[in-house]
Every structure is written in structure tokens, then in C-alpha cells.
Amino acid sequence: GFLFAEKCPVLSRTEFADVTAEMYPLGTRLYYECDSGYTRRSGHYLGIQCQSTEQVASWTYKEFECIDEKILLSMAPAMELDFTQKPERKTQSPAPQKRENLSEFDQKHFCGPPKTVPHASLNLNKHYYVGQVLHFKCQSGYDKRPPTSGTRRCKKVNGKIIWTHLDMRCTNDS
């Protein structure tokens, strides 16, 4: 196993493209941010971590919720809301983990994409580590010329850490 993940060089921004990481190495910590107009329920922790559970890397989540600030302001402090009825689990289902095309090694050492949480988005710290694969997709309106999506992998070649080349351009000209 590896003791500490080696950082990749900072990626230059790819114009008009959204970037998602397909895999995150063990030990990665990510944080959610509540969307504007929403706030974290007090006492809830927005961080998640990729940890090894029974030889498989998976995210550990703490329950948290982003709630509408307007609702928060309208709640009188004396009112204790009854939270015994659990929200329906459907909204919390994890993003489908694309496991089948990951090798044995990857499943042990990398987590898939974290689950989507209502009214929250991942605050992607811009640190990536060797072995990570990033998926680029042109934003709508800029996907006129194929290829409109692609991946880059961070790898070590002759002791140097590099990103593989991305073969796509996002442009809105016809």
C-alpha cells in the first residue's frame, strides 16, 4: 500500500468544461458546501473521507442536511421540531459507483464519486493525487465539435508526475 499519496501538478483550467474526478485515493477528504440560500443544520459536519472498509475503499459520511435559510429564520427558538420521522432514503442514495471497470487495486485504494446531497455541492479542493482520473465534459452550448468529453490521468513517468493529454476542445462556434 502507499503511505501518502503524491500530489499532482496544478491543472490549468479547461475552458467551458466541467471537471469531475472519477476516483479518489484513500485518505482523501472532501467537503460539501450548502448552496446559496441554504445553510447547514447546526452541529452537522460537511466533511467526508475515503477510507478502507474490509479491503474496499469507500466514503464515510456523517449525516448532514442543508436547510433553507428562510425556514431557519421562521422557526421560533422555542419550537423543537420532531425529527423522529427519518427523511425518505431515496434522496440520499449514493451516486452509482462505477466499480466494474476498476481493477482490484483501484477498488482497494480508490473511492468512486461521492453521493449527491440535496442543496449541496462538493467544494473541490484543487489537489489531485497520483492515480486519479479526471473526467472532462464540455458545458452545454460549448459542445459543438467532437470529442466533447475526455479524461486525464495523473501518473508518474520516470519519477516525474504528469497529467495525460486531454484531447478535446470546448467551443461554441459551429
Side-chain angles (χ1 to χ4, degrees), residues 5-41 44-50 57-61 64-71 87-103 106-107 109-157 160-174:
E6 295 176 277
K7 279 190 186 172
C8 302
V10 176
L11 263 184
S12 51
R13 216 174 131 269
T14 303
E15 261 198 313
F16 313 123
D18 291 319
V19 185
T20 49
E22 302 273 296
M23 341 195 304
Y24 297 85
L26 281 178
T28 300
R29 280 176 194 274
L30 293 177
Y31 296 91
Y32 287 91
E33 277 175 351
C34 292
D35 297 339
S36 72
Y38 289 84
T39 189
R40 165 180 72 107
R41 189 180 289 295
H44 283 203
Y45 179 64
L46 298 179
I48 61 174
Q49 189 170 14
C50 177
S58 60
W59 292 107
T60 51
Y61 295 92
F64 79 88
E65 221 182 335
C66 290
I67 47 182
D68 194 321
E69 285 169 354
K70 292 191 283 298
I71 295 172
E88 280 209 14
R89 272 338 249 147
K90 279 206 279 296
T91 55
Q92 291 288 2
S93 70
Q97 299 253 0
K98 295 199 214 65
R99 279 290 182 212
E100 58 277 7
N101 55 6
L102 290 186
S103 69
D106 288 345
Q107 290 190 33
H109 298 276
F110 289 91
C111 289
K115 66 184 179 185
T116 52
V117 173
H119 314 303
S121 53
L122 274 170
N123 171 13
L124 288 174
N125 51 4
K126 297 292 177 267
H127 296 307
Y128 299 112
Y129 298 93
V130 171
Q132 255 185 298
V133 176
L134 296 185
H135 189 75
F136 293 78
K137 189 175 183 310
C138 291
Q139 293 163 355
S140 71
Y142 293 96
D143 45 10
K144 298 286 184 285
R145 271 195 249 163
T148 59
S149 68
T151 56
R152 296 183 80 172
R153 179 184 279 272
C154 176
K155 57 185 195 178
K156 202 167 189 174
V157 182
K160 266 191 72 149
I161 299 175
I162 56 136
W163 286 102
T164 56
H165 179 67
L166 179 67
D167 186 25
M168 62 172 254
R169 274 184 61 219
C170 300
T171 168
N172 64 356
D173 55 46
S174 44

- Test side-chain hydrogen bond (donor to acceptor under 3.5 Å, both in side chains) applied to T151 - qualifying residues, sequence neighbours left out: none

- Note on the structure: For E15, the side-chain hydrogen bond (donor to acceptor under 3.5 Å, both in side chains) test, sequence neighbours excluded, returns none

- Look up atom OG1 in T14 and atom CE in M168, then write down how far apart they are to the nearest 0.5 Å. 6.5 Å

- Does S121 have any side chain to side chain contact (heavy atoms under 4.5 Å, CB included) partners at least two apart in sequence or in another chain, and if so, which? D35

- For R169, does the CZ atom have more than 12 heavy-atom neighbours from other residues, nucleotides or ligands under 6.0 Å away? no

- Query: Any donor and acceptor pair, going by atom type alone, linking the side chain of R40 with main-chain N or O of C66 inside 3.5 Å?
  - Reply: no

- Message: To check you understand the geometry: which heavy-atom pair defines the closest contact between C138 and D143, and what is its length?
- Response: CB-CB, 3.8 Å

- Query: Who pairs with F16 by ring-ring contact (aromatic ring centres under 6.0 Å, His included), at least two apart in sequence or on another chain?
  - Reply: Y142

- ring-ring contact (aromatic ring centres under 6.0 Å, His included) with Y38: which residues, sequence neighbours excluded? H119

- I would like to know whether Y24 and Q132 meet side-chain contact (heavy atoms from CB on, under 4.5 Å); could you show each step before the answer? CA-CA 6 Å; Y24 297 85; Q132 255 185 298; 3.5 Å; yes

- Message: List the residues meeting salt bridge (Lys or Arg N to Asp or Glu O under 4.0 Å) with K155, not counting sequence neighbours, and say none if there are none.
- Response: none

- Does Q49 have any side chain to side chain contact (heavy atoms under 4.5 Å, CB included) partners at least two apart in sequence or in another chain, and if so, which? R29, Q51, T60

- Which atom pair, heavy atoms only, marks the closest approach of C50 to A57? SG-CB, 4.1 Å

- Item | Gap separating the CZ atom of R41 from the CD1 atom of I67, nearest 0.5 angstrom | 4.0 Å

- Task: Just do the side-chain contact (heavy atoms from CB on, under 4.5 Å) check on T39 and C34 with the steps written out, would you?
- Result: CA-CA 6 Å; T39 189; C34 292; 5.6 Å; no

- Answer whether the closest heavy-atom distance between the side chains of Y61 and Y32 falls below 4.5 Å. yes

- For E6 and K156, the nearest pair of non-hydrogen atoms, with its separation, is OE2-NZ, 2.8 Å

- Query: Is there a side-chain contact between T28 and W59, using heavy atoms and a 4.5 Å cut-off?
  - Reply: yes

- Note on the structure: Between the CD atom in E33 and the OG atom in S36, the distance rounded to the nearest 0.5 Å is 10.5 Å

- Message: Please enumerate all residues that pass side chain to side chain contact (heavy atoms under 4.5 Å, CB included) together with L134, with sequence neighbours excluded.
- Response: L11, V19, A21, Y128, F136, W163

- Message: Suppose we screen for side-chain hydrogen bond (donor to acceptor under 3.5 Å, both in side chains). Which residues come up paired with D18, at least two apart in sequence or across chains?
- Response: Q139

- Is any side-chain heavy atom of P114 less than 4.5 Å from a side-chain heavy atom of L122? yes

- Message: My understanding is that only residues two or more places apart in sequence, or in another chain, count here; which of them pass side-chain hydrogen bond (donor to acceptor under 3.5 Å, both in side chains) with T171?
- Response: D173

